[in-house]
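Data block below; observations after.
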Number of protein chains: 2
Amino acid sequence: MTVWDRPEPPTRPVPLDRERIVSAAIALADEGGLEAVSLRKVAARLDAGPMRLYGYISAKEELFDLMMDEVNAEILPEERPADWREALRVLAHRTRRAALRHEWLADLLGGRPSLGPNGLAVAEATLSALDGLADIDTVMRAVETVSAYFTGAIRREIANLRAERATGLSKRDWQRASGPYMTRMLATGRFPALTKAVYDGTEVDAEESFATGLEWVLDAVAAQLGRPPA
Amino acid sequence: MTVWDRPEPPTRPVPLDRERIVSAAIALADEGGLEAVSLRKVAARLDAGPMRLYGYISAKEELFDLMMDEVNAEILPEERPADWREALRVLAHRTRRAALRHEWLADLLGGRPSLGPNGLAVAEATLSALDGLADIDTVMRAVETVSAYFTGAIRREIANLRAERATGLSKRDWQRASGPYMTRMLATGRFPALTKAVYDGTEVDAEESFATGLEWVLDAVAAQLGRPPA
DNA sequence: TCCCCGTCAATACAGTGTATCGGCATGAGA
DNA sequence: TCTCATGCCGATACACTGTATTGACGGGGA
């Protein structure tokens, strides 16, 4: 083992900050889902030891919080939309598109309160869109209702998407013919309404379905806003 | 080492079935959350080796599917409610109460398609409640919208509940005074609407808030059902 | 009676989050 | 400029995870 064989000692540790850590984690998650995010792998991407990360976060969960906040920045619309309805609509659609870019977001959505700076900014944007249109409590209820809807809808959409990817079949094809289990269950006759839905329902575009439900909910909110406070 | 020292050989392996496995898993999850469910611990509760479980499930995820289906049985109403609105309302509230009994349900809700027998029965119950009141596609959209709402709302409620438990403070108390971070953020003046909401909003009962949003969504569905098919 | 096969437990492995510890480089004080 | 202390970083360690593999042992069929 001559000097020439031995590599130079490592340079000073590469400088780190939360931003770098979070974007490494997001890259990992984009490639392999949330479960592909391990502190060791994140650290490895940054040429650092795993323990180094504990200077920036105190547990893995906090890394997820940071990731969430980072996509909240993507979600935040750049300009303030014209009216409240457009504001909520844009927010919902931007969240959905973010989830399609980062599917792991579906696993995190609604899982913990989003209190990071960008999460608060999103909350502010939505609340301010409705500000003054009704009493505060109605406004909060409206925001919560709309966001409960799109959180749930996005989660389901991604769940279906994953299932389709795993089976290689669209949901309806799978239900209709290819799944022996499903065929058998429907054949029992115990699920007539479901059977009808599976066979007679039109296969609709996920985005359209999302948008339709969203408009319904927005209609409901509109009805409430146009009502004098109780 | 005489005979007397040596214990008798173990009796024949305790009989196992999915039901036993699932209820052990649920018990574990009820006590310590989803992350407390490990195949080793489930097996230990049943006096079995971990590998034994692989005769009944082929991966841990499937155990979660079985757990989900088991609570779907709790959710299924015992009798068919009078009208569609009551049916959807009951379903939503029963799901919520199941999630309060089994908080880990919030982590699973909407995460994967529920195709177990009880999941299908729930789907059947909701679809049949709306059967004939509109064309199939509208009906499906209605079911999906309502369930997206309550899925999201339940997840948020449980998330808040956990956060409150972790900090020992109600959400509003925490936001208002006790969290140095939150106080600082609100003090920046960048979140006026949010600040107003935090300080002027009434602290409402979670169930009431859930119910209110649900009624709004049901109103929206009612409006669509009363409309002739496009 | 013997053998085969299916079932179950033990072992093994690669990977996880995180606590602890030891050393080294850096910056302050003399 | 030398010395010492301090704080950071990596290595090591630990308890635990899901799951593949292996090997023994028992009951059922020939």
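Values in this document were obtained by computation on a predicted structure and should not be read as measured data. All values below were derived from every heavy atom in this structure, side-chain atoms included, with hydrogens, water molecules and symmetry-related copies excluded.
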Rounding to an integer number of Å, can you tell me how far [X] [atom1] sits from [N] [atom2]?
X       : N      : atom1 : atom2 : value
A/Glu62 : C/dG17 : CD    : C1'   : 13 Å
A/Leu39 : D/dG10 : CG    : P     : 15 Å
A/Arg52 : C/dA25 : CZ    : C1'   : 14 Å
A/Lys60 : C/dG15 : NZ    : P     : 15 Å
B/Met51 : C/dT7  : CE    : P     : 16 Å
A/Leu16 : D/dG10 : CG    : P     : 9 Å
B/Glu35 : C/dT18 : CD    : C1'   : 14 Å
A/Glu61 : C/dT18 : CD    : P     : 9 Å

*asked:* Tell me if the side-chain of A/Arg40 makes a donor-acceptor pair with the base of C/dG15, cut-off 3.5 Å, by modelled atom types.
replied: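 Looking at the base of C/dG15, it does not pair with any donor or acceptor on the side chain of A/Arg40 (distance under 3.5 Å).
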*Think B/Tyr54 has a side-chain N or O under 4.0 angstrom from the OP1 or OP2 of D/dT19?*
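Answer yes for this pair, as a side-chain N or O of B/Tyr54 is under 4.0 Å from OP1 or OP2.
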*Would you say a side-chain N or O of A/Lys41 is under 4.0 Å from OP1 or OP2 of C/dG15?*
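No, outside the criterion.
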_Lys/Arg-Asp/Glu bridge criterion (N-O < 4.0 Å) met for B/Arg45, B/Glu31_ =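 Looking at B/Glu31 together with B/Arg45, the answer is yes, because their closest N to O distance falls below 4.0 Å.
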*NA contact type, B/Val42, heavy-atom cut-off 4.0 Å: base, sugar-phosphate, or nothing?*
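Nothing: the residue B/Val42, judged by heavy atoms under 4.0 Å, touches no strand.
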*Are B/Val71 and B/Arg101 close enough that some pair of their side-chain heavy atoms sits under 4.5 Å apart?*
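A side-chain contact under 4.5 Å is absent here.
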*Please check if any side-chain donor atom of A/Glu207 sits under 3.5 Å from a side-chain acceptor atom of A/His93, or the reverse.*
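No, no side-chain donor-acceptor contact under 3.5 Å.
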*Please step through side-chain hydrogen bond (donor to acceptor under 3.5 Å, both in side chains) for the pair B/Ser128 and B/Glu124, ending with a clear verdict.*
CA-CA 6 Å; B/Ser128 73; B/Glu124 171 68 20; 4.6 Å; no
